[in-house]
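Single-structure report; data block below.
Position 1 is the first residue of the sequence; numbering continues from there. Quantities reported herein were computed from a predicted structural model and do not represent experimental measurements.
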Amino acid sequence: MAASSLLRSLTRHARGASAYHRHQPWSPFSTTAAAAGAGARRDEESKGFPGLGPTAKGEKARVVVLGTGWAGSRLMKDLDTGGYDVVCVAPRNHMVFTPLLASTCVGTLEFRSVAEPLARIQPAVSKSPGSYFLLARCTGVDPDAHMIDCETVTDGEKDTLEPWKFKVAYDKLVFACGAEASTFGIHGVTEHAIFLREVHHAQEIRRRLLLNLMLSDVPGLSEEEKRRLLHCVVVGGGPTGVEFSGELSDFIIRDVKQRYSHVKDYIHVTLIESGVRLVQGIVKDVQPNKLILDNGEEVPYGLLVWSTGVGASPFVKSLRFPKSPGGRIGIDEWLRVPSVRDVYAIGDCSGFLESTGKDVLPALAQVAERQGKYLASQLNRVIKAGGGHADSEAEADPGPPFVYKHLGSMATVGRYKALVDLRQSKVR
């Protein structure tokens, strides 16, 4: 039922359905007369741009969510699917429980334990006729037409399947696309370091770690090369870097010394942080087998994990919305993008505008999760008041603004120990 409905929606413009022209000509970026719109429509059709058109009168309002992280997943979980169709556009079909990713790198947990399919979080995307998960990335937004441009994600299939473009109309649009690892423009980081933000990152770390352990047992390696191969370097002294270092320490003590006894004295872990005296310094350059610090010191490595925090993605930077400090999408106290209608932003991609007088919240899971929960309640309030559709005049009272109170932080350091901060924080 859902597949046939999707096919009907994707081909609606080809049949000339009147619902597709409810607000504007078919071409979603056209603001000219109908005649010019018809020409643009023919041009778009010739380029093969299918799409999900605007919702018609009597249909459910459509909420389009960009992302399946903590914020987007919690939002979709709590949305009232009796009043909304949910369309999720994201490059992955699951949520990742990021605090436990470090444990999967060394086998403490299996990868399937930290990934939850979106269809379990919000079953409507696989069952409801008007709700879908679309494996794609948003590449552009036209707020006036209530339309987004998308391109499919075909990673690993580029030789046999070329990506294609399509458009999705929305009644409410929610940016929950997260952030990207910060490299600070340092040469070689993207090419040679491994980040720890996705399941495939953890899989690559485990593969590289085990490969280096096995290769170091093979005759023919010099002592120097063996030490380099088994040197694990972690850049960044935040929670992720500390937790991963702790997991590696446990792995060395409990597993390496038993299973790789011939090389147990060669493996070691170095944590590099600009303010921590483990190896104090700032990375200036990353090369295939070593990195260079600001004092000229060379640090050889066999495995390099980069965990220096996150920043706004190129896609977020490209959006023509007002930005908060740090380059995130600017929002007001109700998580709305105030410069346009029917657009919201939550999670790591969003931040309070300076005009609100609020500080930009940290890029933490608990912030994103609570923003998703709050926005779901706001959108459910809107649909009950009859204001769910695009440009609806029947807007609900926004109610109380979003308030965040930090509940504390914890970072495991290995050997069943952890650092916990439960100090009371200010309400923000």
By salt bridge (Lys or Arg N to Asp or Glu O under 4.0 Å), which residues pair with [X], not counting sequence neighbours?
X      : value
Asp80  : none
Arg207 : Glu204
Arg328 : none
Asp255 : Arg259

(message) Would you say the ring centers of Tyr374 and Trp334 fall short of 6.0 Å from each other?
(response)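 When the ring centroids of Tyr374 and Trp334 are compared, they turn out to be at least 6.0 Å apart.
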
(message) Using the ring centroid of each side chain, check whether His146 and Tyr170 are separated by less than 6.0 Å.
(response)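 Yes - the distance between ring centres of His146 and Tyr170 falls below the 6.0 Å cut-off.
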
(request) Identify which one of Thr190, Val234, Val286 satisfies the side-chain contact (heavy atoms from CB on, under 4.5 Å) criterion when paired with Trp306. (result)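 The residue from Thr190, Val234, Val286 that satisfies side-chain contact (heavy atoms from CB on, under 4.5 Å) with Trp306 turns out to be Val286.
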
(request) Would you list the pairs meeting ring pair (Phe, Tyr, Trp, His ring centres under 6.0 Å) in which at least one residue belongs to residues 108-130, sequence neighbours left out? (result)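 Of all non-adjacent pairs touching residues 108-130, none passes ring pair (Phe, Tyr, Trp, His ring centres under 6.0 Å).
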
(request) Could you check if a side-chain atom of Leu293 sits within less than 4.5 angstrom of a side-chain atom of Ile282, using non-hydrogen atoms only? (result)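 No; the side chains remain at least 4.5 Å from each other.
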
(request) Please lay out, stage by stage, how Asp142 and Ile148 fare under the test side-chain contact (heavy atoms from CB on, under 4.5 Å). (result) CA-CA 6 Å; Asp142 183 358; Ile148 64 172; over 6 Å; no

(request) Show your reasoning for whether side-chain contact (heavy atoms from CB on, under 4.5 Å) applies to Leu173 and Leu66. (result) CA-CA 8 Å; Leu173 176 63; Leu66 307 181; 4.0 Å; yes

(request) Give me the ring orientation class for Phe352 and Phe402: parallel if the planes are under 30° apart, tilted from 30 to 60°, perpendicular past 60°. (result)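 If you compare the ring of Phe352 with that of Phe402, the planes turn out tilted.
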
Show me the donor-acceptor pairs within less than 3.5 Å that the side chains of residues 82-96 make with the rest of the protein, sequence neighbours left out.
residue: Tyr84; atom: OH; partner: Leu379; partner atom: O; Å: 2.7
residue: Arg92; atom: NE; partner: Thr68; partner atom: OG1; Å: 3.2
residue: Arg92; atom: NE; partner: His94; partner atom: O; Å: 2.9
residue: Arg92; atom: NH1; partner: Glu198; partner atom: OE1; Å: 2.5
residue: Arg92; atom: NH1; partner: Glu198; partner atom: OE2; Å: 3.1
residue: Arg92; atom: NH2; partner: Thr68; partner atom: O; Å: 3.3

(request) Answer yes or no: is there an ion pair linking Arg341 with Asp391, defined by an N-O contact shorter than 4.0 Å? (result)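 Yes, this pair counts.
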
